[in-house]
Engineer: 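Structure provided below as structure tokens; questions to follow.
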Amino acid sequence: MQFSNRLVHSLRSTNRKPHVFGFFMQFKASISSLKVAWRKDPKLDQAIENDKKWKQCARVVKEVLNEPGQVIPLHYLEKRRERLGLQVKIKTFLDWNPGLFDLYLDRVRPKSEPVSFVRPSERLRQFLEEESRIFVNNESLLVSKLCKLLMMSKDKVVSADKLVQVKREFGFPNDLLVNLVPKYPEYFNLIGEPGEGKSFLQLVKWNPEFAKSVIELRAEEESRLTGIRTRPAFNWKLPPGFFIRKEVREWIRDWMELPYVSPYDDVLHLDQSSREMEKRNVGVFHELLSLSLYKRVPIPILGKFTTDYRFSNAFSNVFTRHSGIFYTSLKCGIKTAMLREAYKDGELIDRDPLLEIKDKFLELLAEGHKQKDELLRLQREMVRKDMEMMAVSNNDLDYHKCEEEEDAVI
């Protein structure tokens, strides 16, 4: 367990030990009633802000790739600008991000006038090949992630359509249900047709190796390195400048001492309002965020799985209540649950291997921006040379004019 120095001092200096029965009653009543003030964390908010530009580019790329033949008339794409969240015209966006697409002339209909079409550039197609290679290299990771999501669910079954909707958060490929799932019949059984809202992905085989949470694996590693048995526990740490009330500190101290409940344990026998269920819910959210690409997931997306994982309707309060483990960002008008331990000074330090795809995409964008800067430099150089030539030409004209005036005087 990692506590801030101020919190450690406060917790240790609290000598009062509550009566056992009184504590149980207090804990049960306080789970839903405990009020913890939300405080802004600028560094974690900035982590979300830093991803806005490239994610916007990725949305436009996805829009074009989803078109038949992966081509679309420029004016059709312009009509979708608002839905794509673009503040500028599509042509301006393309000029700002060269290297993503090519423009060419074609006809929408055989006898219509030629118009500008958008298609993926050769460099973008090379990136897509790289993306496929990265997915293949990390297929075992994808399988384990998918198994874990199913193993944490109530009935080991999750709506297939929901999984498709969250594929970007967990790094799953677009062909998740079409190619990946059928390759592993020993693990997965797809029931129904995806896209109709009545399809489900069922876990076929329980793999004990997958049934260990990040926290349990971390405790095992610490035990191996130190030779001392380490019990699984959450890292709890608030950033500098964050303060919590005395009664909250006491609540945290007592709650942290409760035994860890694995998100893969069978908890059907637990009362939804019990302290063990609170421990289990925090464990599930911690594991879900740990499995995600950026160790953060929009809360509305987590809300899609309320029934699957037995979350209460007020589940989002968990992230504020346990603000030393999670942070709720309000950036971009969306509540996003973030895992504090995965970030340091606003930078993601717990990197998923699939983030190599993002790195390659950023390299593609950087190449385009470099090309744009070089083009602007050449244009400025040409303008400078033209101005120098004009200045020389004007000087020559002035010289000849002066000579003519002198000859006229003579």
Side-chain angles (χ1 to χ4, degrees), residues 1-16 18 23 26-27 29-52 213-215 218-219 232-258 260 275 278-290 292 294-300 302 311-312 314-351:
M1 291 180 290
Q2 296 180 359
F3 291 86
S4 64
N5 291 335
R6 183 180 293 104
L7 181 60
V8 170
H9 176 74
S10 300
L11 295 181
R12 288 177 177 171
S13 62
T14 306
N15 296 320
R16 179 179 58 83
F23 167 69
Q26 178 190 10
F27 192 98
S30 64
I31 287 180
S32 60
S33 62
L34 186 72
K35 301 298 181 183
V36 179
W38 176 86
R39 287 181 174 84
K40 181 182 178 68
D41 191 326
K43 290 183 178 179
L44 291 182
D45 283 343
Q46 190 60 43
I48 294 179
E49 182 68 26
N50 292 341
D51 287 338
K52 277 178 62 177
S213 68
V214 169
I215 288 178
R218 185 168 62 204
F234 298 107
N235 284 339
W236 204 103
K237 185 177 181 179
L238 283 174
F242 276 57
F243 299 92
I244 53 177
R245 302 191 313 272
K246 178 182 177 182
E247 60 268 27
V248 178
R249 293 198 302 268
E250 294 176 357
W251 187 89
I252 292 169
R253 179 201 61 191
D254 295 330
W255 186 84
M256 289 292 286
E257 288 301 318
L258 296 175
Y260 175 76
R275 59 178 188 156
E278 173 83 352
K279 200 82 174 187
R280 182 262 178 186
N281 284 340
V282 173
V284 171
F285 286 125
H286 186 284
E287 187 75 352
L288 286 173
L289 295 182
S290 297
S292 68
Y294 301 98
K295 316 310 173 195
R296 64 178 191 250
V297 177
I299 290 178
L302 291 173
F311 299 150
S312 69
F315 76 91
S316 61
N317 293 333
V318 167
F319 303 117
T320 305
R321 191 156 58 236
H322 299 279
S323 53
I325 302 171
F326 308 111
Y327 171 63
T328 302
S329 174
L330 306 181
K331 201 69 180 174
C332 304
I334 300 175
K335 287 186 177 182
T336 301
M338 305 181 72
L339 194 59
R340 283 195 185 277
E341 66 186 37
Y343 291 83
K344 183 177 181 181
D345 295 328
E347 294 292 328
L348 182 64
I349 56 174
D350 185 2
R351 285 178 55 84

Engineer: Does the structure place the NZ or CZ of Arg340 under 6.0 Å from the centre of the six-membered ring of Phe242, at an angle of no more than 45° from the ring's axis?
Structural biologist: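 Yes, Arg340 lies over the aromatic ring of Phe242.
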
Engineer: Carefully, step by step, assess Lys335 and Leu330 under the rule side chain to side chain contact (heavy atoms under 4.5 Å, CB included).
Structural biologist: CA-CA 5 Å; Lys335 287 186 177 182; Leu330 306 181; 3.6 Å; yes

Engineer: Side-chain contact test, heavy atoms from C-beta onward, threshold under 4.5 Å: evaluate it for Tyr343 versus Arg296 and give yes or no.
Structural biologist: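 Yes; the side chains approach each other to less than 4.5 Å.
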
Engineer: Can you find a pair of side-chain heavy atoms, one from His286 and one from Ser290, that are under 4.5 Å apart?
Structural biologist: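 Counting from C-beta outward, His286 and Ser290 do come under 4.5 Å.
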
Engineer: Can you tell me how far apart CE (Met256) and CG (Asn235) are? Round to the nearest 0.5 Å.
Structural biologist: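 The distance works out to 8.0 Å.
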
Engineer: Find out whether Pro232 and Ile215 are in side-chain contact, i.e. whether some heavy atom of one side chain is under 4.5 Å from a heavy atom of the other.
Structural biologist: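 In short, these two side chains touch, coming nearer than 4.5 Å.
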
Engineer: Please walk me through it: do Met338 and Ile48 pass side chain to side chain contact (heavy atoms under 4.5 Å, CB included)?
Structural biologist: CA-CA 10 Å; Met338 305 181 72; Ile48 294 179; 3.9 Å; yes

Engineer: Considering only heavy atoms from C-beta outward, does the side chain of Lys43 approach that of Gln46 to under 4.5 Å?
Structural biologist: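 They are not in contact (no side-chain heavy atoms under 4.5 Å apart), so the answer is no.
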
Engineer: Which heavy-atom pair separates Ser292 from Val297 by the least distance, and what is that distance?
Structural biologist: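 It is CB-CG2, 3.7 Å.
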
Engineer: For Lys344, look at atom NZ and say whether over 12 heavy atoms of other residues, nucleotides or ligands are found less than 6.0 Å away.
Structural biologist: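 Counting other residues, nucleotides and ligands, NZ of Lys344 stays at 12 neighbours or fewer.
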
Engineer: Quick one: pull up CD in Glu250 and CZ in Arg245 and give me the separation to the nearest 0.5 Å.
Structural biologist: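 Going from CD on Glu250 over to CZ on Arg245, the span is 11.5 Å.
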
Engineer: Between Glu341 (side chain) and Ile325 (backbone), is there a donor-acceptor pair under 3.5 Å?
Structural biologist: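 Pair absent, no side-chain N/O of Glu341 close to backbone of Ile325.
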
Engineer: I need the minimum non-hydrogen distance between Gly346 and Ala47, along with the two atoms involved.
Structural biologist: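 Where Gly346 meets Ala47 most closely, the heavy atoms are O-CB, 3.3 Å.
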
Engineer: Please walk me through it: do Glu278 and Leu258 pass side chain to side chain contact (heavy atoms under 4.5 Å, CB included)?
Structural biologist: CA-CA 10 Å; Glu278 173 83 352; Leu258 296 175; over 6 Å; no

Engineer: Would you indicate whether the side-chain heavy atoms of Phe326 and Leu289 approach each other to under 4.5 Å?
Structural biologist: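 When only atoms from C-beta onward are counted, Phe326 and Leu289 do touch, with a gap below 4.5 Å.
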
Engineer: Just so I know, are the side chains of Leu302 and Leu288 near enough to count as touching, which here means a heavy-atom distance under 4.5 Å?
Structural biologist: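 The answer is yes; the side chains approach within 4.5 Å.
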
Engineer: With no hydrogens and no angle check, is any side-chain donor or acceptor of Tyr327 less than 3.5 Å from a backbone partner on Asp41?
Structural biologist: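 Checking the backbone N and O of Asp41 against the side chain of Tyr327, a donor-acceptor pair under 3.5 Å is found.
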
Engineer: Can you measure from CG (Asp51) to CG (Leu348) and round to the nearest 0.5 angstrom?
Structural biologist: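 Result: 9.0 Å between the selected atoms.
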
Engineer: As an exercise, state the distance from NZ of Lys237 to OG of Ser323, rounded to the nearest 0.5 Å.
Structural biologist: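 Lys237 NZ to Ser323 OG: 14.5 Å, rounded to 0.5 Å.
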
Engineer: Look at the rings of Phe319 and Phe315 and say which category their plane angle falls in: under 30° parallel, 30 to 60° tilted, over 60° perpendicular.
Structural biologist: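 Ring orientation of Phe319 relative to Phe315: perpendicular.
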
Engineer: Distance from Thr328 atom OG1 to Arg39 atom CZ, nearest 0.5 Å?
Structural biologist: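 Rounded to the nearest 0.5 Å, the OG1-CZ separation comes to 13.5 Å.
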
Engineer: Would Glu49 and Lys52 satisfy salt bridge (Lys or Arg N to Asp or Glu O under 4.0 Å), going step by step from the backbone distance to the final call?
Structural biologist: CA-CA 5 Å; Glu49 182 68 26; Lys52 277 178 62 177; 3.6 Å; yes

Engineer: Tell me every residue that passes ring-ring contact (aromatic ring centres under 6.0 Å, His included) with Tyr294, counting only those two or more places apart in sequence or in another chain.
Structural biologist: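 Tyr294 satisfies ring-ring contact (aromatic ring centres under 6.0 Å, His included) with no residue once adjacent residues are dropped.
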
Engineer: Between NE2 of His322 and CH2 of Trp255, what distance do you get to the nearest 0.5 Å?
Structural biologist: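 Reported value, rounded in 0.5 Å steps: 4.5 Å.
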
Engineer: Applying side chain to side chain contact (heavy atoms under 4.5 Å, CB included), run through Lys331 and Thr336 and close with a yes or a no.
Structural biologist: CA-CA 8 Å; Lys331 201 69 180 174; Thr336 301; over 6 Å; no

